[in-house]
Amino acid sequence: MMLVFPQDSNLTKHTNLPDLPACFQLSVLPWTPCIFLWLASPFYILYLKRNNRGYIMMSILNRIKTVLGLILWIVCWTDLFSSFHEMSQNQSKPPIYFVTPLIVGMTMLLATFLIQYERLKGVQSSGVLFIFWTISVLCAIVPFRSKIDTLGAEGACDALRFTMFYIYFGLTLIQLILSCFNEKPPLFSSVVTDPNACPEITAGFLSKMTFWWFTSMAIKGYKSPLENKDLWSLNKQDSSELVVPNLLNEWEVEKSKAQRNSVFVNPEEEEEEEEVLLSKRKEVRQPSFLRALLRAFGPYFLIGSAFKLLQDLITFVNPQLLRLLIDFTKQTNAPLWWGYSLAFLMFGTSLLQTLILHQHFQYCFVTGMRLRSGIIGAIYRKALAITNEAKRSSTVGEVVNLMSVDAQRFMDLTTFLNMLWSAPLQIILALFFLWQVQRHTFQYIYTLPLPSVVQTIIIFIQNVWQCKYQIQSMILGFGFFQHIIIYMRLFAYLWCGNCFIKAIRHNLVTRDLFTVQHGFSYLIAYKSVYVQCHVMWLSACHVINGVCVQGINLSGGQRQRVSLARALYSEVDVYLLDDPLSAVDAHVAKHIFDNVIGPEGALKGKTRILVTHGISFLPQVDNILVMVDGRVSEMGSYQDLLKQNGAFAEFLRNYSLEDIIEVDEVTVSLVDEEEEEEFPEDALSNHTDMVDNEPVVNEARRQFMRYTLSSQDVCVLCVLQVKFKVYWEYAKAVGPFLSLFICFLYGCQSAASIGANFWLSEWTNDAQHNRTQEQVSMRVGVYAALGISQGVLVMFSSFTLALGKIQAARKLHQTLLDNKFHTPQSFFDTTPIGRIINRFSKDIYVIDEVLPSTILMFLGTFFASLSTMIVIICSTPIFALVIGPLALIYFFVQRFYVATSRQLKRLESVSRSPIYSHFSETITGTSVIRAYGRNAAFVLMSDMKVDENQKSYYPGIVSNRWLGVRIEFIGNCIVLFAALLAVIGKDKLSPGLVGLSVSYALQVTMSLNWMVRMTSDLESNIVAVERVKEYSETQTEAPWIVTDKQPPPDWPPKGNVEFVDYSVRYREGLDLVLRNISLKVEGGEKIGIVGRTGAGKSSMTLCLFRLLEAADGEIVIDEVKISEIGLHDLRSKLTIIPQEPVLFSGTLRMNLDPFEKYSDEEVWKALELSHLKRFVSNQTSKLDLECSEGGENLSVGQRQLVCLARALLRKTRILVLDEATAAVDLETDDLIQSTIRTQFEDCTVFTIAHRLNTIMDYTRVLVLDKGQIAEFDTPTNLMAQKGIFYGMAKDAGLA
């Protein structure tokens, strides 16, 4: 039976019981869901075809949905066949009765097909079908009511169609309910195998849209602090395993395109080979890293952009609805259902906008997360393949900065990238609507009062203004040009330096291979087989094995032995050993040679190439290759070279003793028990420097050391709320008065805004009382004054906040820097370098850039939310009753979120440091990793650390979405109640107040969401202040200068040094490493310090510099107790030449004379005395020769000579040499020793020596054993005593 309604708007609209025409109900309403499904299906099927997730077994749920789909098809086509039957009975029916059942029936078949196809492709919950069933139910609600009304009014109806429709409605509703439930995971899914899989994988469509799947973690975080084990596994598609290869593949494609597009400039037809190589120069088109990023991550990001476009369009629906609501309040006889419909439409639109906006954010943040993983992975892999030449062009700090800061900036960029087109689009749309209003104004200029135009305009302005926070965020955090610079820096690094092997080939073809004096290490560096590197690099923080960051808690000798053990363990055919015996004493060196390297050692039968400056082992090797100035001078066996009587034989005659050839007479071996006692090689050394130090002998101390290291290495999470003290510390850094003044300015700014809007609403009400022409100048003047004052206050508040943030960042950074410059060396030995870098990079970045913008947003949203409540309550006081329940929900959601979010932020921060630590260690040990062929293993380690970090970052960004949906729902409820209350009280409210109240309510959605998020971000980011303050307040060394105890300027005049019953330990609770040392050294004496590994040699010299403070006793230098004077006064009067030479990035002159105290003549003189003048003179830049980080462009020996030149320039009364000549050859060693004897003749010299021949002519020799003085006399007397020194000399072939 056809429903007939008069086509009269009075029956459709202007009535208390509205209805839609029957034709509309039979066509548009049922066609709408069908059109959606047919349009979406091709794209959806294509998507499913490309993203197969597995196979789902047929379940009861799936069977029910399939059966219901078939029944719905039968129901629809029953209507169709009924129409054909009626036509056969000569009952004429309109075409709509044939078309609609046919279309709807075919659509039900398509829906049933999709149900089965989704099952075959592993889809557990269908978003497309959920939307389809939802639209179907919504479109069926109007006919549902109409048919009941018609039945009641006419008492008769088409029974078959009536029955079929209600069966259709019921089945559609059941399908909608069933689509909310999930299917089981597909077979062979990772969800089945992963014990802690992310619930997002199995979450349904509704759960994903509202982020309900995250609720379990929010509850867990609220109940108890989250730990690492509580985190879900990272989704496979977000892991480095998939993300990094994807980016690298696109980068390789981009590079290959660039190479293909390159053109030859000067091709010659037939030339000699060398000329061809030189002439075929390419104009290389640089590959675009940006294009590689776009291809790798662009498609996923575009989905988020589509959501953003949709959200931007929906944003302008509510202002139109608000305009209709204001028109409704003006009409006294308008049906109430208009107002209620508008209120619920505004609520529904806001809800839809919320869901779409947060899907956009989710896609953007996940893209950013993948971008960061990809960039870090690319940088890490490049660091392992970069050439040494390219590596020297940037410091370790600069490269780590690429990973720690620049990759983070790229991630931040994705959040605001859509604002590049979204903000202009919103502005254009807003201007378009304003233009419409303006055109409308000109058309009806005589009939429409000016305030009504202003009222309409202000509605649009206020509702477009809700994107203010997004635009503010873009302006504050975007820094577009800054990101361009970061992109260029990152591209330069990834493009610099060809691969390692290519560089070797290039160097062999185009330049002299050996360009530096001697060139032993350079020869080895260009081999791609296993190497035991002279730089004793150790991987970090295997605390369980007792090795801390870069092996810093082991002595030099111990690290060298660990490195040798690693080489031995690798079991290869060729071993390249770069002077591994220089850091150990003669006895240990002999032991290692005999048991490992020598003819009867563990490596016998293997090819061993040993670089050495020691000559005692040469008779036992097969062949000797003598290098001079980078060239091979002689080659042959030991006996052959002696017979040739060349440079090698002359060298031996000059520097060896008579009995060196008779190696068999040198007895080395000790009893196993004695060796176990004297050389606990597996023991830990809790020393504070990087040279030979004290091993921990007993098990108790070993356990204590392990406990100390592990407790410091594992960052203990503070689970309490951030203390008020931290906020107060930041306020003090900003300035207490300035902090209060900023809050006052923000309050005044909000008051001016409320005042201007109230004034405008009053102005709009003038039209109702025909007062539009009265007091116009007064209305305009007050409104302008309020607007100008608001602008001035905004400017002043922003300016003062910027001033405060700069002041706070500078003060906190300076405090941290000052503290770290005065922190004891033990702190750096026991603290991972990544953690310190993290304080200076990430935490300072947060304080400098993130925290101020968070505070700005917090203050803005707080006062905006407060303003909204004040305005709505003033407009509709009954709204105060709604605030209570909403505030309660708000409070609980906020507490759940903040507790969880704070812990996730801290877990993310803790897991970030190991990434940077591992990376900086990798850069340091690149040559060792390459030599051992462990690139893949270290790449995997890096990827695991990044994934571990992202595992805590991902729930963090989801928690923001979870919060946003819930808080904005509360905001949407405020919109609903504000609109409903406006409808209920429309007779008492003016249109101006209704517009003001509801427009403020529309803004509060964003304000509330941002306020909670900013509260959490404030708590999370203020942790950076807490962390910086923690490291700014660590225990410092003694005062730099003690004014009342300053020694005379010429102190020490003689250089007398006296140890008085001196004892020292490394830290409280540890055993003494020096016990009751008492000795007196006269000025000008040369003292050699010897002893077995761990005897306390280096500790004794460290005590002179007060790097270790005395546990008991005193050190007196020229009658001044060094414990009473300032550290600067002490250390400026002492000079040390360390075992491992330290050079800084900069010129050679800066390294020699950083404070520019000496003239060029004095510097050249020092270079001449240190035998570097020839080398420096041959350089084009002379004294301005650039030293790369750590002086890597100089050989180890040259670096040692630079340190000697530095000491010659200072020429203090007391000089300490800590194995300073271990890395140089015997000839250079002899030159250095003669320089020391002549130039430091009147100075007191302390020399720690492994080469005993360097100290045989010293005044006296101090022999230490287990931290005590064993022997102290002239070398001649000690040899005569036949004691420890005699035994060591005998081992070295000197006795």
Side-chain angles (χ1 to χ4, degrees), residues 196-201 203 206-235 238 304 354-355 357-370 372 408 411-412 414-415 473 717-719 721-722 846 850 854 857-858 861 889-912 948-971 1005-1006 1008-1024:
N196 200 23
C198 181
E200 181 188 14
I201 303 170
L206 265 181
S207 180
K208 285 182 179 177
M209 291 298 291
T210 59
F211 299 94
W212 184 261
W213 57 269
F214 180 78
T215 307
S216 60
M217 181 170 282
I219 294 170
K220 186 181 286 185
Y222 178 73
K223 287 181 177 177
S224 61
L226 291 175
E227 299 175 25
N228 206 51
K229 60 182 175 61
D230 298 322
L231 300 176
W232 299 310
S233 300
L234 196 64
N235 292 335
D238 299 327
T354 293
L355 295 176
L357 176 65
H358 288 287
Q359 287 302 313
H360 151 70
F361 278 130
Q362 178 70 359
Y363 275 92
C364 287
F365 275 102
V366 170
T367 304
M369 188 178 82
R370 292 179 182 177
R372 177 172 175 256
Q408 180 74 29
M411 184 169 73
D412 297 340
T414 57
T415 314
S473 299
L717 290 176
C718 175
V719 297
Q721 292 186 13
V722 178
V846 168
V850 180
T854 305
M857 297 293 288
F858 173 76
T861 52
I889 297 170
Y890 173 87
F891 174 77
F892 276 113
V893 170
Q894 194 246 17
R895 280 296 93 198
F896 270 87
Y897 167 77
V898 170
T900 305
S901 174
R902 186 174 58 244
Q903 289 305 313
L904 287 171
K905 275 278 178 72
R906 284 178 172 166
L907 283 169
E908 192 265 336
S909 183
V910 167
S911 61
R912 194 189 312 117
E948 191 67 24
N949 178 242
Q950 300 288 39
K951 202 168 79 172
S952 51
Y953 175 76
Y954 183 64
I957 62 175
V958 174
S959 68
N960 285 337
R961 308 283 72 77
W962 180 87
L963 166 81
V965 170
R966 279 142 192 81
I967 292 295
E968 287 185 27
F969 177 76
I970 295 171
T1005 304
M1006 191 70 72
L1008 282 177
N1009 181 15
W1010 277 90
M1011 189 171 79
V1012 178
R1013 198 172 307 164
M1014 290 305 109
T1015 304
S1016 172
D1017 284 357
L1018 194 59
E1019 282 201 24
S1020 300
N1021 291 326
I1022 204 76
V1023 172

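Keep in mind it's a predicted model, so treat the numbers as computed, not measured.
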So does Phe858 have more than 12 non-hydrogen atoms from other groups sitting under 6.0 Å from CZ?
->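 Enclosed.
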Rounded to the nearest 0.5 Å, how far apart are CG of Leu963 and OG of Ser901?
->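 With rounding to 0.5 Å, CG (Leu963) is 8.5 Å from OG (Ser901).
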Side chain to side chain donor-acceptor pair (under 3.5 Å) partners for Tyr953, two or more places apart =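 Partners of Tyr953 under the side chain to side chain donor-acceptor pair (under 3.5 Å) test: none.
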Quick one: sort the Trp232 and Trp213 rings into parallel, tilted or perpendicular, breaks at 30° and 60°.
->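 Aromatic pair Trp232/Trp213 classed tilted.
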Among all residues two or more places apart in sequence or in another chain, which pass the side chain to side chain donor-acceptor pair (under 3.5 Å) test with Ser909?
->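 With neighbours one apart ignored, the set is Arg1027.
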Determine whether Phe365 and Thr414 make a side-chain contact, defined as any pair of heavy atoms from C-beta on separated by less than 4.5 Å.
->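 No - every pair of side-chain heavy atoms lies 4.5 Å or more apart.
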What distance separates Thr854 OG1 from Met857 CE, expressed to the nearest 0.5 Å?
->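 If I round to the nearest 0.5 Å, the distance is 8.5 Å.
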Under a 4.5 Å cut-off applied to non-hydrogen side-chain atoms, are Asn235 and Tyr954 in contact?
->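 Yes, close enough: below the 4.5 Å cut-off.
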Less than 4.5 Å apart, any side-chain heavy atom of Met217 and any of Leu904?
->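 In short, these two side chains touch, coming nearer than 4.5 Å.
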To the nearest 0.5 Å, tell me how far Thr210 OG1 sits from Phe969 CZ.
->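 Interatomic distance, Thr210 OG1 to Phe969 CZ, rounded to 0.5 Å: 11.0 Å.
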Non-neighbouring partners of Gln359 that pass side chain to side chain donor-acceptor pair (under 3.5 Å), sequence neighbours left out |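 Partners of Gln359 under the side chain to side chain donor-acceptor pair (under 3.5 Å) test: none.
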Verdict with supporting geometry, Asp230 and Gln903, side chain to side chain contact (heavy atoms under 4.5 Å, CB included) | CA-CA 11 Å; Asp230 298 322; Gln903 289 305 313; over 6 Å; no
Please round to the nearest 0.5 Å and tell me the distance separating atom CG of Leu355 and atom CG of Leu206.
->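 Leu355 CG to Leu206 CG: 9.0 Å, rounded to 0.5 Å.
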If a pair satisfies salt bridge (charged side-chain N to carboxylate O under 4.0 Å, His left out) and one of its residues is in residues 359-368, list it, with sequence neighbours excluded.
->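 Sorted result for residues 359-368: empty, none.
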For the pair Phe214 and Thr900, evaluate side chain to side chain contact (heavy atoms under 4.5 Å, CB included) and give the outcome as yes or no after the intermediate values.
-> CA-CA 11 Å; Phe214 180 78; Thr900 305; 4.1 Å; yes
Decide yes or no for Lys208 and Gln362: does some side-chain heavy atom of the first lie under 4.5 Å from some side-chain heavy atom of the second?
->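 No. Closest side-chain heavy atoms not under 4.5 Å.
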Sequence neighbours left out, what passes salt bridge (charged side-chain N to carboxylate O under 4.0 Å, His left out) with Arg912? Give chain and number order.
->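 So Arg912 forms a salt bridge (charged side-chain N to carboxylate O under 4.0 Å, His left out) with Glu908.
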Report yes if the side chains of Asn196 and Lys951 come closer than 4.5 Å at any heavy-atom pair, otherwise no.
->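 Result no, sub-4.5 Å side-chain heavy-atom pair not found.
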Over all atoms of both residues, closest heavy-atom pair of Glu948 and Ser911 =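 Here Glu948 and Ser911 meet closest at O-OG, 4.1 Å.
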Val958 vs Phe211 side-chain heavy atoms within contact, under 4.5 Å =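 Yes - at least one pair of side-chain heavy atoms lies under 4.5 Å apart.
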Any side-chain heavy atom of Val1023 within less than 4.5 Å of one from Lys905?
->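 SC-SC contact between Val1023 and Lys905 ruled out.
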Once you round to the nearest 0.5 Å, how far does CD1 of Ile970 lie from OG1 of Thr354?
->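 So the gap between those two atoms works out to 11.5 Å.
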Shortest non-hydrogen contact between Val965 and Met209, atoms and distance |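 Looking at all heavy atoms of both residues, the shortest contact is CG2-O, 4.3 Å.
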Between CD on residue Gln950 and CD1 on residue Ile957, distance to nearest 0.5 Å |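 One finds 8.5 Å between CD of Gln950 and CD1 of Ile957.
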Identify, with sequence neighbours excluded, every residue that meets side chain to side chain donor-acceptor pair (under 3.5 Å) alongside Thr215.
->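 With neighbours one apart ignored, the set is Trp962.
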